[in-house]
Trainee: 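First the structure, then my questions, so here it is.
Bear in mind that the values here come from a model prediction, so they are computed numbers and not experimental data. To find a chain, count down the sequence lines: A is the first, B the second, and so on, and within it residues start at 1.
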2 protein chains.
Amino acid sequence: MAETVTSLSRKEQVIRKAAELFKEKGYSAASMRDLAQKLGIEAASLYSHIKSKEEILRTLCFDMAAEFRASLAEVEKKQVSASEKLRLGIIGHVKVMAKDLTASAVFMNEHRHLSQPSLREFLLLRINYINRFKQFIEDGIASGDFKKNIDTKLAVMTLFSSLNWMPLWFSPESTIEPENLGTQLADMLINGLKQNP
Amino acid sequence: MAETVTSLSRKEQVIRKAAELFKEKGYSAASMRDLAQKLGIEAASLYSHIKSKEEILRTLCFDMAAEFRASLAEVEKKQVSASEKLRLGIIGHVKVMAKDLTASAVFMNEHRHLSQPSLREFLLLRINYINRFKQFIEDGIASGDFKKNIDTKLAVMTLFSSLNWMPLWFSPESTIEPENLGTQLADMLINGLKQNP
DNA sequence: TTCTTCAACTAACAGTTGTTAGTTTTGCTT
DNA sequence: AAGCAAAACTAACAACTGTTAGTTGAAGAA
């Protein structure tokens, strides 16, 4: 149906501009009138396309979450060592972020403005995702790839801290490619865990 | 003067509660009426103690900034290798954060809501601080402590990403002490830079 | 007791917020 | 040319925003 395509396309346009605005000013400080102005329309006109301000945030957060999960599921299927899974997981995470740095920044910084029950659901997805990375580290310790005396919680939080700030300082005009960036990051972060043989 | 002492103490009480609120809800989503309620007074009464909402944020951000700078200045004085300076700088940074996790979280997440010219001033302090850490890394490369092919910008951004998220997940009830946490973090982050001899 | 100072109060302001209801314009399809 | 749906519009709402002006009660100093 042409109608669906058209309306979806306009709706997505609204959501993309909203993502830019949310990243720039933060969700709370960004008003619907700001958003409307960016699109050259009146604030009330936005509601032809979206149900509420929060629906935009929900869409942004959960769409990104789905992409991260899909990327991780691919890695888990592979028949490789735990440390290699960790490496591929990191690269995958970076690639997903690089595909949409704006949405990634919103995903990471603004999700807390979701109201219940969306917030609870989001946090559950998130902790699950993190725990699966933590599992890679624990498996790596068990197999002797990684040091025995690692604080796994500390390690995994450090890992995600590094990854999640990336969209705030990485610029798409940079000469470094996402794949390359992911590899460098993975090397840097994993070397701290590895045994020194 | 007794008056000054009393008013300062009450003012600081207001600022501390504000820090909790700003961390919890974000600066923009936190209203002066929320803050007043937390203190058990009316919103208008806050203005006996502070000039404006933004003055609170300014105080929080610049007080933290001063502590970080003081800590770094101490490290730079020492007569040790670049990699050791980096290590001590990281530990110092973590210790300053651990002294006030709430203010640290605000410092890191909410500073962007400062208006000009405070924002500009803040960002200049920040870039200066980061560049001095970057210098440690470059010195470490020059002296052969660190690998030659390191992307120093990437390395320093990764470092601060890890450090800056800490106040969001570190809980004061944790068994791990700040000094110990700082040491572990420093080891983990620096091992990725070191030569494998 | 009277004076002073602090820290709270009430009342109100002008502006902004997300959102709604109902209407008009636009551009394609028949 | 007529009909239709998408996408915009105007006008308005109730609630909330940071902040001000002026006032009052309590506590300690003179």
Side-chain angles (χ1 to χ4, degrees), chain A residues 1-22 24-61 106 110-116 118-119, chain B residues 1-22 24-61 106 110-116 118-119:
Chain A
M1 282 194 273
E3 33 169 0
T4 310
V5 172
T6 315
S7 89
L8 265 186
S9 146
R10 186 53 171 159
K11 180 172 183 174
E12 273 177 356
Q13 227 172 309
V14 169
I15 291 177
R16 290 192 77 82
K17 276 270 186 267
E20 289 171 26
L21 192 67
F22 292 171
E24 200 182 303
K25 309 184 73 171
Y27 178 77
S28 289
S31 78
M32 296 303 272
R33 282 165 180 86
D34 290 339
L35 177 54
Q37 199 176 24
K38 267 203 150 200
L39 289 154
I41 61 177
E42 291 295 315
S45 309
L46 292 167
Y47 291 83
S48 306
H49 308 290
I50 48 112
K51 289 196 192 72
S52 67
K53 185 185 181 187
E54 196 181 332
E55 188 207 39
I56 302 178
L57 182 60
R58 235 183 293 125
T59 304
L60 286 167
C61 288
V106 173
E110 310 299 332
H111 68 259
R112 64 169 155 167
H113 293 108
L114 290 168
S115 61
Q116 300 295 3
S118 303
L119 179 58
Chain B
M1 282 195 269
E3 31 169 359
T4 311
V5 171
T6 315
S7 85
L8 265 186
S9 145
R10 187 53 171 159
K11 180 172 183 174
E12 271 177 356
Q13 228 172 308
V14 169
I15 291 176
R16 290 192 78 80
K17 276 269 186 267
E20 289 172 26
L21 191 67
F22 292 172
E24 200 182 303
K25 309 185 71 170
Y27 177 77
S28 289
S31 78
M32 296 304 272
R33 283 165 181 85
D34 290 338
L35 176 55
Q37 199 176 24
K38 268 205 150 199
L39 289 156
I41 62 178
E42 292 295 316
S45 309
L46 292 167
Y47 291 83
S48 305
H49 309 290
I50 49 111
K51 289 196 193 72
S52 67
K53 186 185 181 186
E54 195 181 332
E55 187 208 37
I56 302 177
L57 182 61
R58 235 182 294 125
T59 304
L60 286 167
C61 288
V106 173
E110 310 299 334
H111 68 259
R112 64 168 154 169
H113 294 108
L114 290 168
S115 60
Q116 302 294 7
S118 302
L119 179 58

Trainee: Which residues in residues 34-42 of chain A have a heavy atom closer than 4.0 Å to any atom of DNA chain C?
Mentor: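 Nucleic-acid contacts, sorted: none.
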Trainee: Strictly by side-chain hydrogen bond (donor to acceptor under 3.5 Å, both in side chains), give each pair with a member in residues 36-48 of chain A just once, sequence neighbours left out.
Mentor: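 Matches after skipping sequence neighbours: A:E20-A:K38.
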Trainee: Go through the structure and list residues passing side chain to side chain donor-acceptor pair (under 3.5 Å) with B:R16, not counting sequence neighbours.
Mentor: none
Trainee: Does B:Y27 have any ring pair (Phe, Tyr, Trp, His ring centres under 6.0 Å) partners at least two apart in sequence or in another chain, and if so, which?
Mentor: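 Expected list: B:F22, B:H113.
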Trainee: With A:R33, which residues qualify under side chain to side chain contact (heavy atoms under 4.5 Å, CB included), at least two apart?
Mentor: A:S31, A:A43
Trainee: Distance check, rounded to the nearest 0.5 Å: A:R112 atom CZ versus A:S28 atom OG?
Mentor: 8.0 Å
Trainee: What N/O pairs connect the protein and nucleotides 22-27 of chain D at under 3.5 Å? Give each pair on its own line.
Mentor:
none

Trainee: So, for A:E110 and A:L57, which heavy atoms are closest and what is the spacing to 0.1 Å?
Mentor: O-CD2, 3.7 Å
Trainee: Over how many whole Å does the gap from B:K25 atom NZ to D:dC16 atom P extend?
Mentor: 11 Å
Trainee: Tell me: CD1 of B:I56 to C1' of D:dG18, nearest whole Å?
Mentor: 11 Å
Trainee: If I compare all heavy atoms of A:K17 with all of A:L39, which pair ends up nearest, and what's the gap?
Mentor: CG-CD2, 3.6 Å
Trainee: Would you say C:dC9 has OP1 or OP2 under 4.0 Å from some side-chain N or O of B:S45?
Mentor: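 Yes, within the criterion.
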Trainee: Using Watson-Crick and G-U wobble pairs with both distances under 3.5 Å, what is the 5'-to-3' dot-bracket string of DNA chain D, with [ ] for crossing pairs and | for pairs outside the strand?
Mentor: ||||||||||||||||||||||||||||||
Trainee: Grab the NE2-C1' distance between A:H49 and D:dA7 for me, whole Å please.
Mentor: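 My rounded result for the distance is 5 Å.
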Trainee: Which pair of heavy atoms, one from B:V106 and one from B:A19, lies closest together, and at what distance?
Mentor: CG2-O, 3.5 Å
Trainee: I need the minimum non-hydrogen distance between A:S52 and A:R58, along with the two atoms involved.
Mentor: OG-NH2, 4.3 Å
Trainee: To the nearest angstrom, how far is A:L46 atom CG from D:dA8 atom P?
Mentor: 9 Å
Trainee: Can you give me the closest heavy-atom contact between A:H111 and A:L119, atom names plus distance?
Mentor: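 Closest heavy-atom pair between A:H111 and A:L119: O-CD1, 3.6 Å.
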Trainee: Give me, pair by pair, the N or O atoms of the protein and of nucleotides 18-21 of chain C that are less than 3.5 Å apart, along with how far apart they are.
Mentor:
{"residue": "C:dG18", "atom": "OP1", "partner": "A:A30", "partner atom": "O", "Å": "3.4"}
{"residue": "C:dG18", "atom": "OP1", "partner": "A:K53", "partner atom": "NZ", "Å": "2.9"}
{"residue": "C:dG18", "atom": "OP2", "partner": "A:M32", "partner atom": "N", "Å": "2.8"}
{"residue": "C:dG18", "atom": "N7", "partner": "A:R33", "partner atom": "NH1", "Å": "2.8"}
{"residue": "C:dG18", "atom": "O6", "partner": "A:R33", "partner atom": "NH2", "Å": "2.9"}
{"residue": "C:dT19", "atom": "OP2", "partner": "A:Y47", "partner atom": "OH", "Å": "2.6"}
{"residue": "C:dT19", "atom": "OP2", "partner": "A:K53", "partner atom": "N", "Å": "2.8"}
{"residue": "C:dT19", "atom": "O5'", "partner": "A:Y47", "partner atom": "OH", "Å": "3.3"}

Trainee: Applying the side chain to side chain contact (heavy atoms under 4.5 Å, CB included) test to B:L35, which of B:I50, B:I56, B:I41 qualifies?
Mentor: B:I56
Trainee: Considering all heavy atoms of both residues, which atom of A:D34 and which atom of A:K25 are nearest to each other, and what is their separation?
Mentor: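 What the structure gives for the nearest pair is OD2-NZ, 3.1 Å.
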Trainee: Taking only residues two or more places apart in sequence, or in another chain, which ones meet B:E55 in a salt bridge (Lys or Arg N to Asp or Glu O under 4.0 Å)?
Mentor: B:K11, B:K51
Trainee: Quiz question: going by heavy-atom distance under 3.5 Å, is there a donor-acceptor pair between the base of C:dA8 and the side chain of B:S48?
Mentor: yes
